[in-house]
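Along the sequence shown, residues carry numbers from 1. Counting starts at 1 for both ligands and their atoms, in listed order.
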Amino acid sequence: MGIVNVTPDSFSDGGRYVEPEAAVAHGRRLLAEGADLLDIGGESTRPGSTRPLVSEELSRVVPVISELAAAGAVVSVDTMRAEVAAAAIEAGAVVVNDVSGGLADPEILDVVAATGATYVAMHWRAHSHHMNDFARYDGPGGVVAAVREELSQRVEAMRAAGVRDEQVVLDPGLGFAKIGEHNWELLRDLSWLRDLGFPVLVGASRKTFLGRLLADPDGEPRPVGEREYANVAITLHCAREQVWCVRVHEVRASRDALAAHQMLTTPPYHREDPS
Ligand code: PMM
């Protein structure tokens, strides 16, 4: 899944693709690099960010979705709002990627149920301006047990709204109300999430915990644009952990790594004999 942030303030690429033409061109570039899916978002979720008006979010994403869907892309809309999800589906999106898992605007589940769209439900506790206050996981089993339980509750809410299990994808929500060690703990062994029985999506690309991992000797985090090698290691780990989708800013690097990984892990039954 290649990321197209049509926002002035996303933490890694804010402002670069805020004009629809620039966003569409970026989406085309990601498709050419091998993206199976484009995730188009009009609201930044970086820590501390304030929310756009619904009208602003709509005017950012709808034209870009229309054009990329018309060009044949499989389009996901990154939104927490029912109204935006409905308009995006109308414009050609087939996936709703909701970082709040239906908590920010419960009516989004009705839109998903009525349209049959694929629904990515991420683990989330609070809006970005204060999510860091919620990065506490003191119960038995720590962060893994809490995230599993809270995602299970979201699945129950989806079912109650009429969303079918076949529509659902679950995401651990790296960096959302989580500090670095929480992210690593969630990622290390993803069987806790796989075992819930849904496809899994992971978004680690360019996140703060990678910047901290790669900090210089003075403790200065590695800049956002220089975290890609570590992200590719996570993509490969995700492949081994049977993750369905990785959400990335730079498609080519993960694509190349997965091509090599596939050669190393797929038995050569169907290969031509080179002799
Ligand atoms: N992370 C961001 C935005 N949307 N969606 C899903 N499903 N999972 C994520 O981890 C996720 C997301 C924040 O990253 P960005 O600002 O670089 O897009």
Side-chain angles (χ1 to χ4, degrees), residues 1-18 23 26-27 30 35-52 57 60-61 64 75-81 84-85 88 93 95-104 108 112 117-129 131-132 147 151 154 167-178 180 182-184 186-187 190 193 198-211 223-228 230-231 234-235 238 243-251 254:
M1 173 188 271
I3 302 169
V4 181
N5 282 325
V6 197
T7 58
D9 58 347
S10 283
F11 81 99
S12 67
D13 52 8
R16 290 183 64 186
Y17 312 117
V18 75
H26 185 58
L30 296 179
D36 293 315
L37 204 64
L38 295 179
D39 190 37
I40 299 168
E43 172 174 357
S44 166
T45 48
R46 71 168 180 189
S49 62
T50 50
R51 306 197 68 191
E57 193 183 340
R60 287 175 189 169
V61 297
V64 177
V75 172
S76 159
V77 61
D78 188 344
T79 188
M80 292 183 253
R81 288 171 162 146
V84 177
V95 179
V96 174
N97 174 27
D98 176 2
V99 297
S100 83
L103 285 169
I108 202 167
V112 170
T118 295
Y119 184 59
V120 181
M122 199 192 78
H123 177 262
W124 183 90
R125 284 184 161 180
H127 283 289
S128 302
H129 69 276
M131 68 179 173
N132 291 341
V147 173
L151 279 176
R154 299 319 304 150
Q167 292 174 255
V168 176
V169 176
L170 297 179
D171 181 332
L174 303 178
F176 286 78
K178 293 165 196 86
H182 297 142
N183 298 328
W184 292 115
L186 289 167
L187 267 178
L190 282 159
L193 181 50
F198 298 91
V200 172
L201 186 148
V202 167
S205 182
R206 297 187 178 171
K207 286 193 174 163
T208 302
F209 76 113
L210 298 182
V224 280
E226 298 171 30
R227 301 172 182 174
E228 190 53 23
N231 185 54
I234 292 175
T235 293
C238 286
V243 164
W244 173 72
C245 182
V246 285
R247 182 180 180 278
V248 299
H249 296 84
E250 294 174 52
V251 169
S254 283

Would you say Asn183's side chain and Gly175's backbone share a donor-acceptor pair under 3.5 angstrom?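 Checked: pair present.
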Relative to the heavy atoms of [X], which atoms of ligand 1 are at a distance of less than 4.0 Å?
{"X": "Leu201", "value": "7 (N)"}
{"X": "His249", "value": "17 (O)"}
{"X": "Met122", "value": "6 (C), 8 (N), 9 (C), 10 (O)"}
{"X": "Asn97", "value": "5 (N), 6 (C), 7 (N)"}

| task | May I ask you to decide if the ring planes of Trp184 and Phe209 are parallel, tilted or perpendicular, using 30° and 60° as cut-offs? | result |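 Aromatic pair Trp184/Phe209 classed perpendicular.
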His127 vs His129 aromatic rings, parallel, tilted or perpendicular, using cut-offs 30° and 60°?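 His127 and His129: parallel rings.
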### Query
Any salt bridge between Arg206 and Glu250, counting N to O under 4.0 Å?
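A salt bridge is present here (some side-chain N lies under 4.0 Å from a carboxylate O).
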Notebook entry, point to check: Can a salt bridge be assigned to the pair Asp78 and Arg247 using a cut-off of 4.0 Å between side-chain N and carboxylate O?
Noted result: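 Salt bridge flag = yes for Arg247 with Asp78.
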Considering only heavy atoms, does Val202 approach ligand 1 within less than 4.0 Å through its side chain, its backbone, both, or neither?
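Val202 to ligand 1: no contact under 4.0 Å from either part.
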Does only the side chain of Arg206 get under 4.0 Å from ligand 1, or the backbone, or both, or neither? Count heavy atoms.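 Within the 4.0 Å criterion, Arg206 makes no contact with ligand 1.
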Do Ser205 and Met1 come close enough that some side-chain heavy atom pair is under 4.5 Å?
->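 A side-chain contact is absent here, since even the closest heavy-atom pair is not under 4.5 Å.
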> Should Tyr119 and Val96 count as side-chain neighbours, where that means a heavy-atom distance under 4.5 Å?
Replying inline: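 Yes, close enough: below the 4.5 Å cut-off.
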**Message:** Using heavy-atom distances only, which candidate in Asp171, Asp98, Val99 approaches atom 8 (N) of ligand 1 most closely?
**Reply:**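 Heavy atom nearest to atom 8 (N) of ligand 1 belongs to Asp171.
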Are any of the N/O atoms on [X], whether in the backbone or the side chain, positioned under 3.5 angstrom from an N/O atom of ligand 1?
{"X": "Ser205", "result": "no"}
{"X": "Asp39", "result": "no"}
{"X": "Thr45", "result": "no"}

